[in-house]
Number of protein chains: 2
Amino acid sequence: METISTNRAFEGIQGVYRHQSESCRCPMTFAVYVPPQAQNRPCPVLWYLSGLTCTHANVMEKGEYRRAAAEAGIIIVCPDTSPRGDDIADDDGYDLGQGAGFYLDATQAPWAPNFNMYSYVNEELPPLIARKFPADMSRQAIFGHSMGGHGALTIALKNPDTYRSVSAFAPITNPIAVPWGQKALPAYLGDDRSAWRGYDATALIEDGRKVPEILIDQGGADNFLPEQLDAKAFVAACERAGIDLTFNLRPGYDHSYYFISTFMADHVAWHAARLAD
Amino acid sequence: METISTNRAFEGIQGVYRHQSESCRCPMTFAVYVPPQAQNRPCPVLWYLSGLTCTHANVMEKGEYRRAAAEAGIIIVCPDTSPRGDDIADDDGYDLGQGAGFYLDATQAPWAPNFNMYSYVNEELPPLIARKFPADMSRQAIFGHSMGGHGALTIALKNPDTYRSVSAFAPITNPIAVPWGQKALPAYLGDDRSAWRGYDATALIEDGRKVPEILIDQGGADNFLPEQLDAKAFVAACERAGIDLTFNLRPGYDHSYYFISTFMADHVAWHAARLAD
């Protein structure tokens, strides 16, 4: 692992690191904020998964998570959203290929060799974080935005013993049913729709996966809400499954980091309460 | 005035606007955050001046001022750092010309027609803000970073009745004596060093200008500190003049927005206390 940069912030350290990923077969960059409390004891880890077109850097620069993380004593890890490179497959659209990994393991050409973000986030990065940072890996949580909210929800639902809590900003909750998913899922996973259900939060709940509770904030003026982010099926699935879902519709807020940063401290504090010893 | 964008944030509105500047003879872009309190009453105005290479956007995206501004009920205005455009004079260096206006009124060719950021910030923009936003212009304050800290200090010292308070992050306090100033001041103002003193915070204080108090935060690991930001002469001048200077040296912090954002809330709250009715 190579250190790209470190900057002191809120008495902790915001770092950017690069390593050779086995899952993605390319160098991958990620950001880690280590709070001041880590000087004295291992700290819990909160994973933040970003949305379409983003790298590790967008939320690091615009997400305003450091104050809350420093107050709560939480490490925040921000992976990239896909493998990247001139020799990595890509698509002309912003919603498939580089910057659009959808936190799944692809099975189809040309994506399968590199697009394995599910394994990368869930299996490859955690041991690296455990080795290189003062992290208490018995206390992990996960959240994300849009495509990253989809990632957080699906990863948490499939690994409820690993992540103590899960939340999301404006997540894709039912990719099977919306244009973003209907483009990405067949490209990465092929035409067998049963494979898609393994990466759809609503379908996972319908198929019996469960977490105790979920926190979601959704902007009411989000231009992606009607077509891509409609959560009715997800809300209904949570209700049927007995999942304690808090769904905050925020009038006037859009899909941007202005929305994310506004509610970031709420989410970090919510996870912090669940990550306490 | 044209609206470029508005985004809801912390229950207020972060906007970006463009207008034709008379002082700079070109279109100028600026950012304004209007807090939720402005729905009910005019709010005080805190001006933020950015540093070399920045536009209005850097602090808007990375400065983390909105939470504090929304709590305190303060409008924050972030101007650009210079005139801009293909037909505007420029220099190959990052520290002269576009992105490096130094908050002065240039008298020398080729800069004089457009590079009038002192008049722009101090005389042209305030009436526009007063007309277009729910601002209480009887309550204004000013702060900034690096070159923008220099701008805030010099503008406040020359207009103590306009700005109730002034603070800075890592300001250039004595441009006459450092390489950045020794390049920019002769280019913009010519070789008469007496003209330079009108845009040097230390010289202004030595020449009798005064404000009651100043707040400065300076990173101890700032790579520009030794050569460009040394504040010994400024501290001595404040002491001789009886200015109540709080100078916080922050070990380990650099010159970046990670430093600025860490201490942003402190500065906004400090100004808010002085802008209260």
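Each chain gets a letter, A, B and so on, in the order the sequences are listed, and its residues count up from 1. Quantities reported herein were computed from a predicted structural model and do not represent experimental measurements.
- With a 4.5 angstrom heavy-atom cutoff, A:A70 does not touch chain B via any of its atoms.
- For the pair B:R67 and B:E64, the salt-bridge criterion is not met [side-chain N within less than 4.0 Å of a carboxylate O].
- Both the backbone and the side chain of B:S261 come within contact range of chain A, judged by heavy atoms closer than 4.5 Å.
- Proximity to chain A is limited to the side chain of B:Q14, based on heavy atoms less than 4.5 angstrom apart.
- Using a 4.0 Å cut-off between charged side-chain N and carboxylate O, B:K183 and B:D95 make a salt bridge.
- The contact between B:F259 and chain A is made entirely by backbone atoms, counting heavy-atom distances below 4.5 Å.
- Considering CZ of B:F169 and CG of B:L229, their distance stands at 14.0 Å, rounded to 0.5 Å.
- Using a 4.5 Å cut-off between heavy atoms, B:A265 touches chain A through backbone and side chain atoms alike.
- At a 4.5 Å heavy-atom cutoff, the contact between A:D254 and chain B is made by side-chain atoms alone.
- Distance check: B:Y94 OH to B:L52 CG gives 6.0 Å after rounding to the nearest 0.5 Å.
- Taking the six-membered ring for Trp, A:Y65 and A:H267 have ring centres at least 6.0 Å apart.
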